[in-house]
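Indexing begins at 1, ligand by ligand and atom by atom, following the structure's order. If you're wondering where the values come from, they're calculated on a predicted model, not measured in any experiment.
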Amino acid sequence: MKKPQIINLGAAVPDERILPRLMIQKAFQNVIASKGKELLSYEDGSGNHELRRLLAKRMALMNCPVAPDDIVITDGCQQALYLTLKKLTQPGDSVAIESPAYYGLLQILDGLQLKVVEIPTHAREGISLDALKLAFEHWPIKACIVISIGSNPQGFITSEKHQRALVDLCEEHSVPLIEDDIYGDLHFSAQRPSVCRQFSEKVIYCSSFSKALAAGLRVGWVASRQLAKEITSEKVTMHLASPGITQSAVAHLLEEGKYEKHIRKQRLQIANAMRALLQSINTHFPEGIEYTHPVAGYVTWLKLPDECQLTGTELFHQAIKQNVSIVPGILFSSSNKYENYIRLSSSGYWDDKKENAVKVLGEIIKNSMPVKA
Ligand SMILES: Cc1ncc(COP(=O)(O)O)c(C=O)c1O
């Protein structure tokens with residue numbers, strides 16, 4: 001249960017104060033009034049056709065042409081990644097991922113009994129192509145997963161050159177590349193940056209509206225000509241269909257241009273909140289702290305100073321006693337790396353309480369460091 005007194009600097013989700021609650025409420029009212037009866041029956045297993053059509057249109061504008069029938073609507077991006085990996089692998093297979101990696105992905109890999117090959121990932125450039133090549137040459141890797149825009153936890157965007165080279169490398173070794181673009185609409189730049197999917201239609205594209213609209217909607221999708229049918233049948237076996245009302249409400253927001261308008265505003269808010277978070281770290285944390293400078297999304301990745309006597313997990317336990325929540329770095333690896341790292345989130349909204357919470361963290365870290373003579 002959520003405790004209201006806790007200041008959450010951990011979760012990579014939109015703060016409730018930037019959730020477009022009224023816009024979503026009106027969309028639901030609208031679709032229930034206009035299509036109530038049909039929406040109360042089972043939706044298609046592959047998802048609402050109108051939503052798939054609008055997503056295909058949107059992806060075409062991103063230079064990622066895809067047919068509506070090659071899109072499968074899922075209950076969020078987590079399910080999109082799960083179903084894709086389930087179709088591409090067998091228990092015991094190896095999968096290459098970025099390191100540090102989003103912990104939900106590590107949970108999926110664990111759940112599917114897959115071996116994780118963690119590839120070092122630079123906070124500006126992205127996954128190391130040399131290390132990935134070496135991994136492809138030494139192990140029978142069955143899939144590779146990356147986030148091109150707004151990596152979680154580092155917040156970088158990979159360059160177009162890097163994306164092209166990554167796509168070529170995966171194709172040379174016949175390794176399917178899965179791209180998680182959940183933060184793609186949350187870039188801080190004026191133009192949407194490129195994604196790997198632009199350079200090859202073989203790239204399996206997964207995303208959702210959890211970060212840009214609301215996580216509670218549970219609307220995501222996979223776009224893949226090769227896998228769409230198989231993923232649909234897996235999904236239908238699991239739970240027949242995703243809720244039609246929610247899909248229709250999201251389709252309404254896309255069709256009416258309301259999503260685009262919302263996201264333009266949200267991007268500015270998120271960029272401002274990130275600036276405030278970094279400024280606050282700079283003000284309250286001791287010298288020696290290292291942190292990434294995200295260009296998309298909600299989170300930054302911090303390395304505690306070498307003199308700090310606390311691990312990220314110990315810092316988490318001390319901070320929670322003072323009602324501040326963070327995510328310890330150890331969660332971002334399956335091999336106990338990143339003990340002296342933490343992830344902090346702005347959640348796209350900044351206020352004095354969050355500023356104070358960063359101050360509390362700074363004090364705990366400072367108090368754990370030897371006093372300089
Ligand atoms: C990188 C990444 N992928 C996938 C997910 C899961 O997204 P969803 O809530 O749409 O299932 C998250 C959620 O934090 C995430 O950060």
Side-chain angles (χ1 to χ4, degrees), residues 8-16 19 24 47 51 55 71-86 95 97-112 116 118 121 123 126-127 143-158 177-187 195-197 203-223 231 235 238-239 242-243 246-247 250 259 263 270 274 292 294-301 325-327 329 331-334 343-348:
N8 195 340
L9 292 179
V13 287
D15 186 290
E16 58 188 33
L19 287 176
I24 292 174
L51 178 58
L55 288 173
I71 291 179
V72 185
I73 304 297
T74 57
D75 294 348
C77 189
Q78 186 81 359
Q79 192 184 57
L81 293 168
Y82 178 90
L83 292 171
T84 303
L85 279 165
K86 184 134 197 285
V95 173
I97 62 166
E98 296 170 308
S99 182
Y102 156 60
Y103 44 80
L105 175 60
L106 296 173
Q107 284 171 330
I108 296 176
L109 296 168
D110 187 46
L112 291 172
V116 181
E118 297 186 17
T121 299
I127 194 162
C144 173
I145 305 165
V146 295
I147 303 175
S148 302
I149 303 179
S151 98
N152 179 1
Q154 302 197 88
F156 62 80
I157 295 177
T158 46
L177 179 61
I178 303 168
E179 183 166 49
D180 175 347
D181 196 35
I182 191 166
Y183 296 101
D185 283 343
L186 302 184
H187 55 89
V195 284
C196 292
R197 174 60 179 75
V203 174
I204 302 153
Y205 181 95
C206 298
S207 191
S208 83
F209 291 98
S210 296
K211 310 297 175 176
L213 275 176
L217 291 170
R218 310 309 301 140
V219 177
W221 74 100
V222 188
I231 288 181
K235 196 181 162 250
M238 269 168 82
H239 74 168
S242 297
T246 324
Q247 295 178 60
V250 172
Y259 174 73
I263 204 66
I270 294 173
M274 179 57 74
T292 58
V295 280
Y298 298 108
V299 295
T300 178
W301 178 238
S325 163
I326 61 168
V327 185
L331 293 187
F332 296 83
S333 158
S334 61
R343 188 190 76 181
L344 293 185
S345 169
S346 75
S347 289

So T292 and T300, side-chain hydrogen bond (donor to acceptor under 3.5 Å, both in side chains) or not? Walk me through it. CA-CA 6 Å; T292 58; T300 178; 3.1 Å; yes
Atom 9 (O) of ligand 1: which of Q79, E98, Q78, R218 has the nearest heavy atom? R218
Is there a donor-acceptor pair under 3.5 Å between the side chain of T74 and the backbone N or O of G76? yes
Looking at ligand 1, is there an atom of it that comes within less than 4.0 Å of some heavy atom belonging to Y183? yes
Proximal atoms of ligand 1 relative to G76 (non-hydrogen, under 4.0 Å): 10 (O), 11 (O)
Quick one, I178 and C206 - any side-chain contact, counting heavy atoms below 4.5 Å? yes
Proximal atoms of ligand 1 relative to I147 (non-hydrogen, under 4.0 Å): 1 (C)
Counting non-hydrogen protein atoms only, what is the nearest one to atom 13 (C) of ligand 1? Give residue, atom name and distance. K211 NZ, 3.0 Å
Using only atom types and a distance under 3.5 Å, with no angle test, would you say the side chain of S325 pairs donor to acceptor with the backbone of G10? no
Closer than 4.0 Å to some heavy atom of S208 - which atoms of ligand 1 meet that? 10 (O)
Just to confirm my output: which protein heavy-atom neighbour is closest to atom 3 (N) of ligand 1, and how far is it? D180 OD2, 2.6 Å
Nearest protein heavy atom to atom 7 (O) of ligand 1, by residue and atom, and its distance? I182 CD1, 3.1 Å
Tell me whether Q79 contacts the main-chain N or O of G220 through its side chain, where contact means a donor paired with an acceptor under 3.5 Å. no
Under the criterion side-chain hydrogen bond (donor to acceptor under 3.5 Å, both in side chains), I'd like the reasoning laid out for D185 against Y259: C-alpha separation, chi angles, the key distance, then a yes or no. CA-CA 11 Å; D185 283 343; Y259 174 73; 2.6 Å; yes
Nearest protein heavy-atom contact for atom 6 (C) of ligand 1: which residue, which atom, what distance? Y102 OH, 3.3 Å
Between E118 and S99, does a side-chain hydrogen bond (donor to acceptor under 3.5 Å, both in side chains) hold up when you go through it step by step? CA-CA 5 Å; E118 297 186 17; S99 182; 3.2 Å; yes
